[in-house]
Amino acid sequence: MFFNNSNSSKDDFDIDLNNVPQHIAIIMDGNGRWAKKRGLIRKMGHKAGADTLEKISRCAQGLGVKHLTVYAFSTENWKRSDEEVAGIMDLLRKYLDEHIKKCKNDNFKVNMIGDPSRLDEDIQEKIKTLESLTENNTGLFLHIALNYGGRDELLRATKKIAQKVESGELKSDEIDEDTISLSLDTAGVPDPELLIRTSGELRISNFLLWQLAYTEFIFSDKLWPDFDESDLKEAIFSYQNRDRRFGGRK
Ligand code: IPE
Ligand code: IPE
Ligand code: MG
C-alpha cells in the first residue's frame, strides 16, 4: 500500500497496543532532498535525519516495539562524494559519542549490523564500546545497519557456512533455513513484521533481502527528517489492518 501523508490529521490512529510489531525496519531515505529543498548542504540533511532517528527510536520504545532496524549507510553509499561520506562518518562519530555518554539513561540496546571492517578504526572502537555498554539494557534493541548490504550479508553468511562444511563441523545436507538465518548479522532476531521506507522511493535498495520475505511494506512520501511520531503510528495502524496470509488460505 502506498500512502501519502499530506492529510495531517495527527495522532488519531487507534493503535492496538497488544498487536504492535515486535520488529520494525526502516529505510531512512530523503535526507539529501530535505536539505536541498532548504538550500542547505547535504550534511545538514543527514544531521536532521539523525535527530529524527532519535525521536523515532524513543517513540518505538514507548509503543513497546522490541527491535528497530534502521538503514544508516549501505554498501553502495561509498559511491557518493568523499565529502558526503566524510560528513556522514563525522555525524556517526558524534551520534556514537552522545549515545556512549547517555546510554545508561535511555535503556536502548545498540547493535550494529553490516561489515564494520571498512569503517575507520575509531568508529569500530566506538561501536564496540556502545554495544558493550548497552548490552544489559532492557529496552528497545536498536540495530543500526552500517556498511550494510543484503547481498554482502548473504555472501558473508555463505562463506561462514562453507567453512563449517569444509572443517567437517556441518554436513551439506544438514543446511536448512535456520542455518542461514543464524549465520546472518541478524541472528536470533525475529524477521521484521513491518518495513517503512520514506521519501517516496519504491524499492528495498539491498536491505534485509532474506529477512523481508513476508514483511508488510509501507512507503511514505515524507522525507526522513520530516517523519514524525504520528507517521510511525499511522504506519503501525496500517500494518494492523493488513491481512497477513503467508501463502496460506483462511
Ligand atoms: C538517506 O538519505 C541517507 C543515506 C543514504 C546515507 P539520502 O542521502 O539518500 O537522501 P536523498 O535520497 O538523496 O534525498
Ligand atoms: C538506501 O537509500 C540506503 C539508506 C537509507 C542508508 P539510498 O538513497 O542509498 O538508496 P537508492 O540509491 O535511492 O536506491
Ligand atoms: Mg536516498
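Counting convention: from 1, in listed order, for ligands and their atoms alike.
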> Is a salt bridge present between Lys102 and Glu54, judged by a nitrogen-to-oxygen distance below 4.0 Å?
Replying inline: yes
> Would you call Ser199 a ligand 1 contact, heavy-atom distance under 4.0 Å?
Replying inline: no
>> If the cut-off is 4.0 Å to any non-hydrogen atom of Asn31, which atoms of ligand 1 fall inside it?
In response: 1 (C), 2 (O), 3 (C), 7 (P), 10 (O), 14 (O)
> So, are Arg197 and Glu201 salt-bridged, with charged N and O less than 4.0 Å apart?
Replying inline: no
> Which of parallel (below 30°), tilted (30 to 60°) and perpendicular (above 60°) describes Phe141 and His143?
Replying inline: parallel
> Does Glu201 come within less than 4.0 Å of ligand 2, judged by its heavy atoms?
Replying inline: no
>> Is it true that Thr179 and Asp176 share a donor-acceptor pair across their side chains at a distance under 3.5 Å?
In response: yes
>> So does Gly150 get a backbone contact from the side chain of Asn206, meaning a donor-acceptor N/O pair under 3.5 Å?
In response: yes
> So which protein heavy atom does atom 10 (O) of ligand 1 come closest to, and at what separation?
Replying inline: Gly32 N, 2.9 Å
>> I'd like to check which ligand 2 atoms, numbered from 1 as shown, lie under 4.0 Å from a non-hydrogen atom of Phe73.
In response: 6 (C)
>> Please list, in number order, the atoms of ligand 2 under 4.0 Å from a heavy atom of Tyr71.
In response: 3 (C), 4 (C), 5 (C), 6 (C)
>> Can you tell me how far apart CG (Asp152) and CG (Asp185) are? Round to the nearest 0.5 Å.
In response: 8.0 Å
> Can you check whether Ser205 has an N/O within less than 3.5 Å of an N/O in ligand 2?
Replying inline: yes
>> How long is the straight-line distance from CD1 of Ile88 back to NZ of Lys47, given to the nearest 0.5 Å?
In response: 14.0 Å
>> As an exercise, identify every atom of ligand 1 less than 4.0 angstrom from a heavy atom of Arg33.
In response: 11 (P), 12 (O), 14 (O)
> Which atom, among the N/O/S set of Asp29, is closest to the Mg ion (ligand 3)?
Replying inline: OD1
> Taking the six-membered ring of Trp34, is the NZ or CZ of Arg38 close enough (under 6.0 Å from the centre) and on axis enough (within 45°)?
Replying inline: yes
> Among all protein non-hydrogen atoms, which one is nearest to atom 1 (C) of ligand 1, and what is the separation to 0.1 Å?
Replying inline: Met28 O, 3.1 Å
> Among the heavy atoms of Lys36, does any lie under 4.0 Å from an atom of ligand 1?
Replying inline: no
> In terms of side-chain heavy atoms, does Ser74 have a donor or acceptor partner in Asn77 at a distance below 3.5 Å?
Replying inline: yes
> Ion pair present between Lys128 and Glu125, side-chain N to carboxylate O less than 4.0 angstrom?
Replying inline: yes
> At what distance is the nearest protein heavy atom to atom 4 (C) of ligand 1, and which residue and atom is it?
Replying inline: Arg80 NH1, 4.0 Å
>> Quick check on atom 12 (O) of ligand 2 - does any protein heavy atom sit closer than 4.0 Å to it?
In response: no
> Under 4.0 Å from ligand 2, counting heavy atoms only, is it the side chain of Arg203, its backbone, both or neither?
Replying inline: side chain
> In ligand 1, which numbered atoms sit nearer than 4.0 Å to a non-hydrogen atom of Asn77?
Replying inline: 5 (C), 6 (C)
> Which word best sums up how the rings of Trp78 and Phe73 line up, parallel for under 30°, tilted for 30 to 60°, or perpendicular for over 60°?
Replying inline: perpendicular
>> Can you report which non-hydrogen protein atom sits closest to atom 2 (O) of ligand 2, along with the distance?
In response: Arg197 NH2, 3.6 Å
> Is there any N or O on Ile88 that sits under 3.5 Å from an N or O of ligand 1?
Replying inline: no
> Any idea which atoms of ligand 1 are less than 4.0 Å away from a heavy-atom of Ala72?
Replying inline: 6 (C)
> What part of Arg42, side chain, backbone, both or neither, has a heavy atom within less than 4.0 angstrom of ligand 1?
Replying inline: side chain
>> Can you tell me how the ring of Phe108 sits relative to the ring of His99, calling it parallel under 30°, perpendicular over 60° and tilted otherwise?
In response: parallel
